[in-house]
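The block underneath contains the structure these notes are about, expressed in structure tokens.
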Amino acid sequence: AIGLTAAEVDAKSCIKLPEGVSYVDGAYCACGAGTAYQAIARGQPAGGETVAMFGMGGVGLAGLIFAKAAGASVIAVDPIPLRRDLALELGADLTIDPLAEDAVIRIHEATHGEGAHLTMDFSGASVGRLASLDSARVWGRSVWVGERNETTIDPSPQILHKQLTLHGSWVCSWPVMDALIQRLGRGEFAIEPAVTHRYPLAQIDEAFRVADSGQSGKVVITG
């Protein structure tokens with residue numbers, strides 16, 4: 001904004017946390033939960049629908065919380081036992097270890113052969129993205145959120161013939177984050193249970209190490 005000082009620009013970019021919304025909530029919204037919230041807004045899960053999610057890191061776990069709040073059943077796919085356990089604690093109806101069984105087959109079995117109404121890839125891995133397409137039902141929706149890596153698809157069977165709607169979703173806007181924070185303030189859902197590790201700024205190297213290991217839910221720097 002022309003004519004504003006750096007301090008004023010920073011202030012205009014801030015969102016005030018309502019009473020009852022913690023610093024940890026705010027930190028999670030700014031890095032992870034906001035991304036998941038916008039992705040859920042793209043996918044529009046509804047009551048009675050099944051959502052299959054690939055990748056239960058900090059973003060995926062938040063997505064699970066939001067999908068459950070919308071009334072959907074959630075199938076959580078992740079190769080890491082700790083993250084599958086967290087997903088169950090947060091309300092997942094079924095968890096799948098993709099290293100132990102074929103996730104696409106298992107999702108179809110769990111949905112009477114039809115596939116999920118909505119699939120979401122939070123992993124960024126090619127195998128997760130492809131599984132998200134293959135496990136979606138005819139006329140279903142899929143949202144890709146995870147970054148990096150190249151993925152080669154076969155458009156006819158994976159998208160066109162299924163009449164599949166594929167969305168890409170990246171981070172979130174200020175108004176979307178504000179809407180999320182206001183809903184947290186009204187107690188519509190809680191995201192802090194997905195936080196497994198908290199570190200002071202002085203231990204930020206350890207925080208990144210734990211987050212990079214995959215052996216965690218959401219990792220937060222508390223100041």
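For clarity, every value in this text was computed on a predicted model and none was experimentally measured. Every heavy atom of this structure was used, including side-chain atoms; hydrogens, water molecules and symmetry mates were not. One-based numbering along the sequence shown.
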Between E49 and R137, is the closest basic N to carboxylate O distance under 4.0 Å?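 Salt bridge absent between R137 and E49.
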Below 4.0 angstrom, N of the basic side chain to O of the carboxylate: do E89 and R84 qualify?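 No salt bridge links E89 with R84.
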Could you grab the distance from atom [atom1] of [X] to atom [atom2] of [Y], nearest 0.5 Å is fine?
{"X": "L118", "Y": "M53", "atom1": "CG", "atom2": "CE", "result": "7.0 Å"}
{"X": "L17", "Y": "I181", "atom1": "CG", "atom2": "CD1", "result": "5.5 Å"}
{"X": "R83", "Y": "L64", "atom1": "CZ", "atom2": "CG", "result": "13.0 Å"}

Looking at the rings of F54 and F122, which for Trp means the six-membered one, are their centres under 6.0 Å apart?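 No - the distance between ring centres of F54 and F122 does not fall below the 6.0 Å cut-off.
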Would you kindly say whether [X] and [Y] are connected by a side-chain donor-acceptor distance under 3.5 Å?
{"X": "T119", "Y": "S142", "result": "yes"}
{"X": "S169", "Y": "W144", "result": "no"}
{"X": "R198", "Y": "T222", "result": "no"}
{"X": "W170", "Y": "Q38", "result": "no"}

If the condition is side chain to side chain contact (heavy atoms under 4.5 Å, CB included), which residues does A27 pass it with, not counting sequence neighbours?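 For A27 the side chain to side chain contact (heavy atoms under 4.5 Å, CB included) partners, ignoring immediate neighbours, are Y23, V220.
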Identify, with sequence neighbours excluded, every residue that meets side chain to side chain contact (heavy atoms under 4.5 Å, CB included) alongside R186.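 Q182, R183, E188.
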